[in-house]
Every structure is written in C-alpha cells, then in structure tokens.
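Counting convention: from 1, in listed order, for ligands and their atoms alike. We count residues from 1, following the sequence as given.
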Amino acid sequence: MREAEIVCWEALDPVSAEMQQARHLYESTLDEAERIPWLWIEKAVTSRATWRPGRWSPHLLLSARRRRSRLPGPVAGFAYGMHLPGYGGYACYLGVEPRFRGQGIGSRLMSLLVRVLQVDAACEGVHLPFVVVESHEPDAPESTKDSALWQARLRLFRRVGARHLSGLTFRAPNFMRRSAGPVPLQLFLIPVDKPAETFDGAALRGVAAGLLQHVYGRSERDPLYRETLPPDCRPALEVLAPSRNGAIALERHPQSSGSP
Ligand SMILES: CC(C)(COP(=O)(O)OP(=O)(O)OC[C@H]1O[C@@H](n2cnc3c(N)ncnc32)[C@H](O)[C@@H]1OP(=O)(O)O)[C@@H](O)C(=O)NCCC(=O)NCCS
C-alpha cells in the first residue's frame, strides 16, 4: 500500500463511531494483561481540549485507508501514547486490524506518534530525549502464531529506530486483574533528540526507574521497583538486527537477580 493511501489522525471526540471501532481493535488485538481499561483511554481523549504544558499529554492516533472520496475509511489501526514532562515519550499501545497488517500501518502510526510527542516536548520548550515502548514477549515462543507476532513487533520496532533495553525485565502491575502477579515486559527505546550512544547503563536505569515512578507511581521501596532494578542489573542498548535466517532475536545478557 502506498504511503498516501494510509491516513492518520488524532481521535478528539470520545463519543463517536471511530472510537467504538478503535475500542474494538484495542480489545481484540491486545492481550488482557497488557491493557488498561478502555475508559482510561476515553478519558484521555476527553482531556485533550483542556491539556496544557506541564501535564501528561496523551494522544490516541487512528489510521485508515483513504477512500476514493479522499476521506478515511473505517479505523484499521491505532496508537496510544503520551509525553511525560520531565521524562520523555511513552508509546503505550499499538494495534492493526489483522487484514491490514504488513502494509506499513503499524510503522506509520508509531513514527507519527514519535513526531506528535516531539511537538509536545516543543510545547514544553524542551527536546524529546527518547520514546520508550513496553512489550510482552510471548509465553509460548514455539507457537508459530506467537512467534510471527513477536517478529512483527520486533521488525516494527527496528523499522522505527528502536533498540532493545537488554539486561532487565520490567515488572508492570496487571491493571485488568489486580490479583494477578506482575506482567514481565521487555523495554525498547527510540532515541529521538539524544544520540543512542549517550544512553549508558545509568541513563537506562533512569529510563526504567522513571517509567516505574512517573507512570506506575512506584517508589524505590516497592517490590516491583526492586524486582525490575536489582542492584546488580546492567542494562544496555542493543540494536535489533536480523540473524542469518531473517529472524530478530533479543540479546540475552547475564540475568540479574531480579529476573525470573
Ligand atoms: C505488531 C503490529 C502492530 C504490526 O503492524 P503492521 O501494520 O503489520 O506493521 P507494518 O506493516 O508497519 O510492519 C512492520 C514490520 O513487521 C513486519 N511484519 C508484519 N507482519 C509480520 C508477520 N506476520 N511476521 C513477521 N513480520 C511481520 C513487516 O514486514 C515489517 O518489517 P520490515 O520493515 O522488516 O519489512 C500488528 O501485527 C498488530 O497489531 N499486532 C497485534 C497487537 C500488537 O502486537 N501490538 C504491538 C504491541 S507492542
């Protein structure tokens, strides 16, 4: 599909047919453990009109094929993310309807989100150092379906310039089932206005710690914080490179004591 055939825009009306389509995509493309309640996203869309610098700046971006009338068709993909003042960008959710996958919609939405978050940073009068992305590695990597999906994610991250933050497993609370254990996630970083080479171990610890503190409200004394960032963890930024068989595998550095 040519770039010009895909169009993207920001959802600004929480009560609309396109929001219902986005909700359906959100709930059908992402596992429950990875999601937050849709109502939170709806509230974020409602809050756009009153957003001012200094606050979290969330965006729900939508994508569709352009119709002959030049207007967008039904929603085929969404990306949700936000700028966190004093921290950076956080790409939370991304999903594309199965029949529209592999046509560049996911990469286009993610790249657009980075640009929108750069505008938020500019509104604050600062640069955007990075955008961080969380992703849950499949529990059953031997399943063909799970492995294809994981490869699609990794290839998309690679295409938008993301690197893997190796050496730690991020522990996020399960918002949909509070009684369930934490969700283990891998972190990926898109360096934006700060060169990738400047993200050393201390800076990367700061990225993970900032996510725990700003987004999840966890202090250094919290078990999730200690499990994510045990004193001996040594995070590093790894390029996502395909191996000879074309698949991308994550670098496995010595596991820290907080990892399973
Ligand atoms: C991951 C996802 C968003 C990708 O969306 P998409 O529109 O297909 O992505 P793109 O077309 O931009 O393709 C991105 C890369 O993935 C590759 N890809 C797409 N589908 C693939 C598949 N089934 N197997 C392997 N690679 C695949 C593309 O070839 C491309 O890689 P390339 O640049 O090396 O050619 C989509 O598969 C999806 O919605 N999955 C379910 C939800 C999800 O996993 N969200 C991400 C959470 S972090």
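- Here the shortest heavy-atom distance to atom 39 (O) of ligand 1, taken over Leu94, Val96, Ile105, belongs to Val96.
- For the ligand labelled ligand 1, residue Phe157 lies inside the 4.0 Å heavy-atom shell.
- One option in Ala148, Pro98, Ala91 has a heavy atom closer to atom 25 (C) of ligand 1 than any other, and that option is Ala148.
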N/O donor to acceptor pairs below 3.5 angstrom from side-chain atoms of residues 158-165, sequence neighbours left out:
residue : atom : partner : partner atom : Å
Arg158  : NE   : Leu240  : O            : 2.8
His164  : NE2  : Gln186  : OE1          : 2.7

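- By the criterion of a heavy-atom distance under 4.0 Å, neither the backbone nor the side chain of Tyr26 is placed next to ligand 1.
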Anything under 3.5 Å between a donor and an acceptor, one on a side chain of residues 115-126, the other on a protein residue two or more places apart or in another chain? List them.
residue : atom : partner : partner atom : Å
Gln118  : NE2  : Asp193  : OD1          : 3.1
Asp120  : OD1  : Ser57   : OG           : 3.1
Asp120  : OD1  : His59   : NE2          : 3.4
Asp120  : OD2  : Ser57   : OG           : 3.2
Asp120  : OD2  : His59   : NE2          : 2.7
Glu124  : OE1  : Gly54   : N            : 3.4
Glu124  : OE2  : Gly54   : N            : 2.6

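- Between Ile6, Leu156, Ile248, Asp31, it is Leu156 that holds the heavy atom closest to atom 4 (C) of ligand 1.
- With His136, Gln103, Glu134, Arg159 as candidates, the residue nearest to atom 35 (O) of ligand 1 on a non-hydrogen basis is Arg159.
- Less than 4.0 angstrom separates some heavy atom of Gly95 from each of these atoms of ligand 1: 39 (O).
- Between Tyr87 and Phe130, the ring planes lie perpendicular to each other; the angle is over 60°, past the 30° to 60° tilted range.
- Interface atoms of ligand 1 facing Leu149, defined by a heavy-atom separation under 4.0 Å, are 37 (O), 40 (N), 41 (C), 44 (O).
- Residue Ser135 approaches ligand 1 through these ligand atoms, each under 4.0 Å from one of its heavy atoms: 48 (S).
- Note: Phe170 and Tyr216 meet the aromatic proximity criterion, with ring centroids under 6.0 Å apart.
- Distance alone, capped at 3.5 Å, is enough to place a donor-acceptor pair between the Asp222 side chain and the Leu224 backbone.
- The protein non-hydrogen atom at the shortest distance from atom 20 (N) of ligand 1 is Ala152 CB, 3.7 Å.
- Selection from Ser147, Cys92, Ser107, Gly102 by nearest heavy atom to atom 14 (C) of ligand 1 gives Ser107.
- In summary, Glu5 and Arg66 do not engage in a salt bridge, as defined by a charged side-chain N under 4.0 Å from a carboxylate O.
- One finds a salt bridge joining Glu34 and Arg153 here, because a Lys/Arg side-chain nitrogen approaches an Asp/Glu carboxylate oxygen to under 4.0 Å.
- Summary of contacts: the protein heavy atom closest to atom 26 (N) of ligand 1 is Arg155 CD, 3.5 Å.
- Leu185 is not listed as a side-chain neighbour of Thr169, based on a closest heavy-atom distance of 4.5 Å or more.
- Protein heavy atom at the shortest distance from atom 7 (O) of ligand 1 is Gly106 N, 2.8 Å.
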